[in-house]
Amino acid sequence: MNIKVLGGGCKSCEKLLEAAKEAVANKGIDAEVEYITDMEKIMSYGVMSMPALMIDDKVVSAGKVLKAKEVEKLL
């Protein structure tokens, strides 16, 4: 499983990154969590609201800081 957190490096983006890592650990899933801050790359995914969460190249959340429990539900 591949999880990407897309954001510009702000506190909200970093909170989502931590929540994603925590959710993966809580579920015991073998997943790679990436943090992407390159705006060109983010735009190539069609994301306009940040932070955004992608699971296996599908945008599952944008413009919200999810808590770990919310991310777990998406996994």
Side-chain angles (χ1 to χ4, degrees):
M1 182 179 285
N2 182 274
I3 299 166
K4 292 182 177 82
V5 174
L6 312 177
C10 64
K11 280 190 191 272
S12 296
C13 301
E14 289 172 7
K15 281 183 184 172
L16 180 59
L17 177 64
E18 290 307 311
K21 287 179 179 178
E22 187 180 325
V24 166
N26 290 348
K27 292 279 249 180
I29 296 172
D30 180 31
E32 178 186 356
V33 180
E34 292 180 71
Y35 186 31
I36 297 175
T37 56
D38 179 349
M39 290 312 250
E40 282 186 33
K41 198 165 188 180
I42 291 169
M43 299 279 247
S44 75
Y45 294 122
V47 173
M48 295 299 166
S49 301
M50 290 179 280
L53 180 68
M54 293 180 72
I55 298 174
D56 292 331
D57 292 327
K58 181 177 177 235
V59 178
V60 295
S61 172
K64 287 189 241 169
V65 179
L66 301 176
K67 294 187 174 25
K69 290 281 181 208
E70 295 171 303
V71 176
E72 284 179 37
K73 289 177 187 169
L74 296 171
L75 300 175

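Only heavy atoms go into these numbers, but all of them, side chains included; no hydrogens, no water, no symmetry mates.
- Here the side chain of Tyr45 pairs no donor or acceptor atom with the backbone of Asp57 at under 3.5 angstrom.
- Between Ala20 and Val71 the shortest heavy-atom distance is CA-CG1, 4.1 Å.
- The heavy-atom pair separating Val65 from Leu16 by the smallest distance is CG1-N, 4.2 Å.
- Going from atom CD of Glu70 over to atom OG of Ser61 covers 8.0 Å, rounded to the nearest 0.5 Å.
- In this structure, CD on Glu14 lies 9.5 Å from OG on Ser12, to the nearest 0.5 angstrom.
- Sorted by first and then second residue, the side-chain hydrogen bond (donor to acceptor under 3.5 Å, both in side chains) pairs involving residues 17-27 (not counting sequence neighbours) are Asn26-Glu72.
- Under the 4.5 Å side-chain heavy-atom criterion for grouping Ile, Leu, Val, Met, Phe, Trp and Tyr, Leu74 is connected to Leu17 within one hydrophobic cluster.
- Closest non-hydrogen pair, Ala62 versus Ser49, comes out as CB-O, 3.7 Å.
- Pairing each heavy atom of Cys13 with each of Gly8, the nearest pair is SG-N, 3.6 Å.
- Using a 4.5 Å cut-off on side-chain heavy atoms (C-beta onward), Leu53 and Val5 make contact.
- To the nearest 0.5 Å, the span separating NZ on Lys4 from CD on Glu32 amounts to 7.5 Å.
- Note that CE of Met50 and CD1 of Ile36 are 12.0 Å apart. Values are rounded to the nearest 0.5 Å.
- Clustering ILVMFWY residues whenever any of their side-chain heavy atoms sit less than 4.5 angstrom apart, transitively, puts Tyr35 in a cluster other than the one holding Met54.
- Its side chain within the 4.5 Å cluster rule, Met43 clusters with Met48 among the Ile, Leu, Val, Met, Phe, Trp and Tyr residues.
- Distance alone, capped at 3.5 Å, is enough to place a donor-acceptor pair between the Asp56 side chain and the Asn2 backbone.
- Dense packing is recorded around CG of Asp38, with more than 12 heavy atoms of other residues, nucleotides or ligands lying under 6.0 Å away.
- Counting heavy atoms from C-beta outward, Ile29 and Ile3 have side chains that stay 4.5 Å or more apart.
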